[in-house]
Protein chains: 2
Amino acid sequence: MAESTPEAGRSSGVTAQQAAVPVPGAAGSGPISHAIFRLARLHRMYAGQLLRRIGLHPGQELVMMHLWELGAQRQIDLVRLMDSDAATMTRTVRRLEQAGFVRRRPSPTDKRASLIEPTAASHALRREVEQVWSQLEDISTAGLSDGERADALAALERLEHNLVQAAAQPEEPRAER
Amino acid sequence: MAESTPEAGRSSGVTAQQAAVPVPGAAGSGPISHAIFRLARLHRMYAGQLLRRIGLHPGQELVMMHLWELGAQRQIDLVRLMDSDAATMTRTVRRLEQAGFVRRRPSPTDKRASLIEPTAASHALRREVEQVWSQLEDISTAGLSDGERADALAALERLEHNLVQAAAQPEEPRAER
DNA sequence: GTGTTTTACTTGCTCAGACAGGCAATGGCG
DNA sequence: CGCCATTGCCTGTCTGAGCAAGTAAAACAC
């Protein structure tokens, strides 16, 4: 009785089969929501695998990309760019610093802030990170025509827009609207 | 110089503005991938907020939904259903047990395994969890026609399918096959 | 000047998630 | 029967992430 999925084999690394049908009945109540959940899970998992190969943890690559692109930034700037958390950024920067990818420099104008800048050693990573991103994009959009990609992107952004809107209005403030 | 986003305001709770434009240049290299990332982030954040109100952490609701629907399950079954991790499941079940939502019962046939079953107290949660899911679905798909929802769902599943496929074949092993 | 508020950052807690290691029960095979 | 690989579960460790609280500097008051 308990054995429902006879093919459920490997449990580590890249499990593919189950990810396709994780929640049997719950999918009925919220198909889109659930699809977002599954897609996010897979995407995150895949990105994590690719990033680990180059010595980064998920999230760290975003910090590095911003730094490479914009140059030295304060932590609060990184927080706002990534819509992250100040506490998380403190620790992420510290780990990137320990890994030798970033360096801290006191801000010349603000003693509270420190400027985070990428080290020379980190530049070797840049290519690899960009490769990971393009690889992830290729995998995700494999077999899609340009039109289909545009449609998919539009759909994703539409959903995102809805959530952003909802986040802006915590609870429908008025019945009419 | 460091002040690039003048409107960047609140930093706690539901930040909406930045989420719409988090990665300026990186979005160019991987628009779909990045849209998935942003959507996942928002969706996760919103689900987390709704779940916290009913006393659950993200992920716990999935365990409970499976238990409500399928009845007592071994941990390994839950792991496979959710495509989760055995270690994570150990701790999640322990916390749900401490919260009084599940109970452990030794398996009659396998001394290694224990059966996890929802408590009577947990049934009160079921409605709330289902409400959270439908609320999340409503928010995500607000203003979408039936056709648009179907399109969005298809797009999400198409992307998911691609990632599942890619996960099944770690690195293109052979050109033919 | 002094006082208050805001800002930048840090630390503490708790959670999920991934990985590695380990332990005990299971089940197959000679 | 006994050996041995597998299975189910647990612990330790590391990561991101969220929330709460605290510190120090800055900015803005008066």
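Naming convention: chains lettered A, B, ... in sequence-line order (proteins, then strands); numbering from 1 in each chain.
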How close or far is atom [atom2] of [N] from atom [atom1] of [X], stated in whole angstroms?
{"X": "B:R52", "N": "D:dC19", "atom1": "CZ", "atom2": "C1'", "result": "8 Å"}
{"X": "B:R74", "N": "D:dC10", "atom1": "CZ", "atom2": "C1'", "result": "16 Å"}
{"X": "B:R104", "N": "D:dC9", "atom1": "CZ", "atom2": "C1'", "result": "9 Å"}
{"X": "B:E97", "N": "D:dC9", "atom1": "CD", "atom2": "C1'", "result": "13 Å"}
{"X": "A:R80", "N": "C:dC9", "atom1": "CZ", "atom2": "P", "result": "9 Å"}
{"X": "B:R44", "N": "D:dG18", "atom1": "CZ", "atom2": "P", "result": "9 Å"}
{"X": "A:Q49", "N": "C:dG17", "atom1": "CD", "atom2": "P", "result": "16 Å"}
{"X": "A:D77", "N": "C:dT7", "atom1": "CG", "atom2": "P", "result": "14 Å"}

request  = Would you indicate, yes or no, if C:dT7 has its OP1 or OP2 atom less than 4.0 angstrom from a side-chain nitrogen or oxygen of A:Q75?
outcome  = no

Please list, pair by pair, any protein nitrogen or oxygen found under 3.5 Å from a nitrogen or oxygen in nucleotides 22-28 of chain D.
unit_1	atom_1	unit_2	atom_2	d
D:dA26	OP1	A:K111	N	3.2

ask   = Run the side-chain contact (heavy atoms from CB on, under 4.5 Å) check on B:L136 and A:S33 step by step: do they pass?
value = CA-CA 7 Å; B:L136 203 51; A:S33 219; 3.4 Å; yes

request  = With sequence neighbours excluded, tell me which residues meet side chain to side chain donor-acceptor pair (under 3.5 Å) with A:R94.
outcome  =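 Scan of A:R94 (side chain to side chain donor-acceptor pair (under 3.5 Å), adjacent residues dropped) gives none.
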
task = Identify, with sequence neighbours excluded, every residue that meets side chain to side chain donor-acceptor pair (under 3.5 Å) alongside A:R105.
result = A:E117

According to salt bridge (charged side-chain N to carboxylate O under 4.0 Å, His left out), who are the partners of [X], at least two apart in sequence or on a separate chain?
{"X": "A:R126", "answer": "A:E130"}
{"X": "B:R104", "answer": "B:E97"}
{"X": "B:R149", "answer": "none"}
{"X": "B:R158", "answer": "A:E148"}

I'd like a list of close polar pairs between nucleotides 11-15 of chain C and the protein, N/O only, cut-off under 3.5 Å.
unit_1	atom_1	unit_2	atom_2	d
C:dT11	OP2	A:R94	NH2	3.0
C:dG12	N7	A:R91	NH1	3.4
C:dG12	O6	A:R91	NH2	2.5

inquiry  = My understanding is that only residues two or more places apart in sequence, or in another chain, count here; which of them pass side-chain contact (heavy atoms from CB on, under 4.5 Å) with A:D138?
reply    = none

ask   = Which sits closer to the 5' end of DNA chain C, A:A113 or A:R41, going by the nucleotide each is nearest to?
value =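 The residue whose closest nucleotide sits nearer the 5' end is A:A113.
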
message = Are the side chains of A:R80 and A:Q73 in contact, using a 4.5 Å heavy-atom criterion?
response = no

